[in-house]
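Remarks on the structure that follows.
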Amino acid sequence: MNLRKHLIAGNWKMNGTLGSINEILKIDKLCSDYEVDIALCVPNTIISKANETISHNNLIIGAQNCHYKESGAYTGDVSAKMLKDAGAKIIIAGHSERRQIYKETNEIVNKKATSIINSDLQTIICIGETEEEKNMGLTKKIVCTQLENSMPSISDENNTVVAYEPIWAIGTGKIPSLKEIEVVHKVLRSLISEIKGIETANKMKILYGGSVKPNNAKDIFDIDDVDGALVGGASLKSEDFMDIINIC
């Protein structure tokens with residue numbers, strides 16, 4: 001028996017204005033009867049409006065990043081508590097763009113995820129290897145090290161989702177083979193079992209992300225340890241995002 005309800009989460013990145021609320025409303029209207037969890041992690045500037053506008057039947061609104069402190073002299077940053085106040089229900093931590101461009105370490109990701117959980121929100125913790133690391137045969141070592149050091153001790157199946165996003169596949173149109181995805185997800189679930197116990201491991205969602213599109217989603221979702229997807233560009237258009245949700 002599958003103990004895990006699938007999650008399809010969209011990451012809009014630095015895209016979207018108040019004019020984009022119509023796309024969110026289309027998704028909200030179409031997804032109300034689906035038996036999967038659906039989230040849209042949108043820019044901070046439209047979280048409040050999006051959350052006010054949706055029906056709350058199935059879709060939740062989330063954020064893409066936060067500071068690990070609750071408040072303080074951190075000009076331009078936003079805390080998990082503030083994002084919760086705006087209406088966010090879930091927050092991404094450790095996306096590869098944050099790790100690479102902003103040099104966020106596993107320790108920082110851990111602190112952010114801890115802050116998110118302590119704010120009574122869910123977190124999606126992202127992990128993934130570069131193309132160079134993959135070519136060196138280091139994929140398992142890299143993703144396990146990232147997960148082990150990024151996942152807080154207070155993580156459980158209710159407050160934490162893991163997303164495996166090979167960096168070289170994000171926005172490139174390239175994806176690992178189905179066998180490679182299967183192997184990594186199985187390794188990650190085994191590691192979660194070692195850290196958190198088999199019961200938590202069997203219930204914690206592990207998503208795949210990286211060039212997920214309607215034409216490859218079915219094969220990816222058919223893999224046993226894949227519990228949904230973290231979708232980038234394809235989540236910006238309601239038609240493409242709903243196609244992926246339909247397939248799931």
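In this structure, H185 and Y208 have tilted ring planes: the angle between them lies in the 30° to 60° band.
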message: For D222 and K218: C-alpha separation, side-chain torsions, deciding distance, then whether salt bridge (Lys or Arg N to Asp or Glu O under 4.0 Å) applies.
response: CA-CA 6 Å; D222 280 343; K218 183 182 185 303; 3.0 Å; yes
- request: Assess whether side-chain hydrogen bond (donor to acceptor under 3.5 Å, both in side chains) is satisfied between N202 and R189, documenting all intermediate values.
  value: CA-CA 8 Å; N202 285 337; R189 194 156 323 268; 5.8 Å; no
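Around atom CG of N215, more than 12 heavy atoms belonging to other residues, nucleotides or ligands sit under 6.0 Å away. E107 CD: 12 or fewer foreign heavy atoms inside a 6.0 Å radius. Environment of CG in L138: crowded, with over 12 heavy atoms of neighbouring residues, nucleotides or ligands closer than 6.0 Å.
Within the 4.5 Å cutoff, the side chain of K179 has heavy atoms near those of the E182 side chain. In this structure, I108 and T105 have side chains that are in contact, with non-hydrogen atoms separated by less than 4.5 Å. Counting heavy atoms from C-beta on, the side chains of Q64 and N11 come closer than 4.5 Å. You'll find the side chain of I24 reaches within 4.5 Å of the side chain of L59, heavy atoms only. Counting heavy atoms from C-beta outward, D240 and V231 have side chains that stay 4.5 Å or more apart. Annotation: side chain of V183 is in contact with side chain of K140 (closest heavy-atom distance under 4.5 Å).
Side-chain atoms of N58 come within 3.5 Å of backbone N or O of C31 as a donor-acceptor pair. Checked by atom type and distance alone, the side chain of T114 pairs as donor or acceptor with a backbone atom of N110 at under 3.5 Å. Although no hydrogens or angles enter the test, the distance criterion places a donor-acceptor pair under 3.5 Å between the side chain of N149 and the main chain of T145. The backbone N or O of L147 sits nowhere less than 3.5 Å from a side-chain atom of S150 that would complete a donor-acceptor pair. Side-chain N or O atoms of K237 include none that pairs as donor or acceptor with a backbone N or O of A234 at under 3.5 Å. Checking side-chain atoms of H56 against main-chain N and O of N51 turns up a donor-acceptor pair under 3.5 Å. Under the 3.5 Å distance criterion, the side-chain polar atoms of Q146 are matched with a main-chain donor or acceptor of G128. Side-chain N or O atoms of K205 include none that pairs as donor or acceptor with a backbone N or O of V161 at under 3.5 Å. At least one donor-acceptor pair under 3.5 Å links the side chain of K84 to the backbone N or O of S119.
Across A229 and F221, no two heavy atoms sit closer than the pair CB-CE2, 3.8 Å. Scanning both residues, S79 and C66, for their nearest heavy atoms gives C-CB, 4.1 Å. Here the closest non-hydrogen pair linking I167 and S96 is CG1-CB, 3.5 Å. The minimum heavy-atom distance linking S238 with I27 is given by the pair CB-CG1, 3.6 Å. In terms of heavy-atom proximity, E129 sits nearest to T139 at OE2-OG1, 3.4 Å. In plain terms, the two heavy atoms of A39 and F241 that are nearest each other are O-CZ, 4.0 Å.
For the 3.5 Å distance criterion, the side chains of H95 and E165 qualify, holding a donor opposite an acceptor. Residues E23 and S20 bring no donor and acceptor atom of their side chains to less than 3.5 Å of each other.
The hydrophobic clustering, which links ILVMFWY residues whose side-chain heavy atoms are closer than 4.5 Å, places L236 and I244 together. Residues I127 and M136 do not share a hydrophobic cluster, defined by chaining ILVMFWY side chains whose heavy atoms lie under 4.5 Å apart.
For the atom pair CD1 of I46 and OG1 of T17, the computed distance is 7.0 Å after rounding to the nearest 0.5 Å. To the nearest 0.5 Å, atom NZ of residue K29 and atom CE of residue M242 are 12.0 Å apart. To the nearest 0.5 Å, atom CG of residue D225 and atom CD1 of residue I206 are 6.0 Å apart.
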